[in-house]
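Notes to accompany the following structure.
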2 protein chains.
Amino acid sequence: MPSIGEAARGSGIPVETIRYYERAGIVPGPPRTLSGHRVYDTAGIARLCLIKRCRDLGFSLAEARALLALSENSDSPCRDVKVIAEGHLAEVGRKIGALRDLEAALGELVRECAEGNTACPALRTLARP
Amino acid sequence: MPSIGEAARGSGIPVETIRYYERAGIVPGPPRTLSGHRVYDTAGIARLCLIKRCRDLGFSLAEARALLALSENSDSPCRDVKVIAEGHLAEVGRKIGALRDLEAALGELVRECAEGNTACPALRTLARP
DNA sequence: CCTTGAACCTGTAGTGGCTACAGGATGCAT
DNA sequence: ATGCATCCTGTAGCCACTACAGGTTCAAGG
């Protein structure tokens, strides 16, 4: 009967993080032995795998929890999943855009330092209100 | 004599955040009135502006503090600034790469939901260990 | 059986970078 | 004097963890 350590190895989520996910209500706590140790069945480990995969894809914990709920509803419409995934995809696109802008500004800043000046033009740029 | 509110308006950093930056040692606290109110001179506001600009460019607070220190050292070599900025630029590049990968994986997931299935292939993909 | 060490438990605190609030004080205008 | 905006310090919460303290359980080896 897999303990939390085995669930951690099976899911790729650290033991402490699994406990945190339970506390935070992301996943239900599994049944326990008489001595209080957690016992995971295949469904329990599958839940953790789904959460892990969602986190790897950058979904927030709230989103991951929602997707888990959808997956455990036997007549889950794909439409709901699509809404969550598309929202997240749009957000990732926005972040990429913002980082590209940031990259350009930083590149400009680095170029200003190219000459190894002692009175740093980059710092002057930064201090400009 | 500008108070913290005016410093906030001049720098674009919220009052509460300015107080936090002081507590966190990012900027020195300014002189006070007899009643304990902060009083900002132009150098104090300039410091805040530099920190704001650094944060806008995605530098961590630690990096921002380092850049501020460099800016207040009259013989600051541009080389040090360049090292910090280039490190950060490389990190931004990595983040863009990671987000692009993420975007591709999410796009695949969304496509799997395109047909409005009830037994969601995307969820099946997510649950795969 | 005893010992040892790994893994388990709960609860708490800390990380980074804020943000909001409580409760009280100050300053200015009416 | 009153009212309101702004100031003060201290604390707590957000998100998603991560680490630790102090204690218990379990399995392997002598």
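These numbers come from the heavy atoms of this one structure, side chains and all, not from hydrogens, waters or symmetry mates. Labels below follow one simple rule: chain letters A, B, ... track the order of the sequence lines, proteins then strands, and each chain is numbered from 1. From a predicted model like this one, the values you see are computed outputs, not experimental measurements.
Note that CG of B/Leu70 is 6.0 Å distant from CG of B/Leu67, once rounded to the nearest 0.5 Å.
Taking 4.0 angstrom as the limit, B/Arg38 places a side-chain polar atom (N or O) nearer than this to OP1 or OP2 of D/dT9. Side-chain N/O atoms of B/Arg23 include none lying less than 4.0 angstrom from OP1 or OP2 on C/dG16. Residue B/Thr17 places no side-chain N or O under 4.0 Å from the OP1 or OP2 atom of C/dG17. Taking 4.0 angstrom as the limit, A/Ser35 places none of its side-chain polar atoms (N or O) nearer than this to OP1 or OP2 of C/dC8. Distances shorter than 4.0 Å separate some side-chain N or O of A/Ser3 from OP1 or OP2 on C/dC8.
Atom CG in A/Leu48 sits about 13 Å away from atom P in D/dC17, given to the nearest Å. Taking atom CZ of residue A/Phe59 and atom P of nucleotide D/dC17, one finds them 14 Å apart after rounding to whole Å. For the pair A/Lys52 NZ and D/dC17 C1', the interatomic distance rounds to 13 Å; values are reported in whole Å. In this structure, CD1 of B/Ile26 is placed 12 Å from C1' of C/dC18, rounded to the nearest angstrom. Atom CD1 of A/Ile18 and atom P of D/dA19 are 14 Å apart (whole Å). Rounded to whole Å, the distance from OH on A/Tyr40 to P on C/dA7 is 16 Å. Rounded to whole angstrom, the span from the CD1 atom of B/Ile13 across to the P atom of C/dG17 amounts to 13 Å. Atom-to-atom, CG of B/Leu34 to P of C/dA25 comes out at 17 Å; the value is rounded to the nearest Å.
By the 4.0 Å N-to-carboxylate-O rule, A/Glu72 lies close enough to A/Arg47 to be salt-bridged with it. Remark: A/Glu22 engages A/Arg38 in a salt bridge, criterion side-chain N to carboxylate O under 4.0 Å.
Between A/Arg19 and B/Val39, the residue anchored nearer the 5' end of DNA chain D, judged by the nucleotide with its closest heavy atom, is B/Val39.
At the heavy-atom level, A/Thr33 lies nowhere under 4.0 Å from the strands shown. The residue B/Arg55 sits close only to the backbone: its heavy atoms come under 4.0 Å of sugar-phosphate atoms, none of a base.
Between C/dC9, D/dC17, C/dT26, one nucleotide has an atom nearer to the side chain of A/His37 than all others, and that is C/dC9. Looking at the side chain of A/Tyr20, the nearest of the listed nucleotides C/dC18, C/dC9, D/dC17 is D/dC17. The nucleotide whose nearest atom lies closest to any side-chain atom of B/Tyr21 is, among D/dC26, C/dC18, C/dG17, C/dC18. Distance from the side chain of B/Glu16 is smallest to C/dT19 among C/dT19, C/dC8, D/dC8.
Of the possible polar contacts, none joining the A/His37 side chain to the A/Ser3 backbone as a donor-acceptor pair under 3.5 Å is found. A distance-only check finds no donor-acceptor pair linking the side chain of A/Thr17 to the backbone of A/Ile13 [under 3.5 Å].
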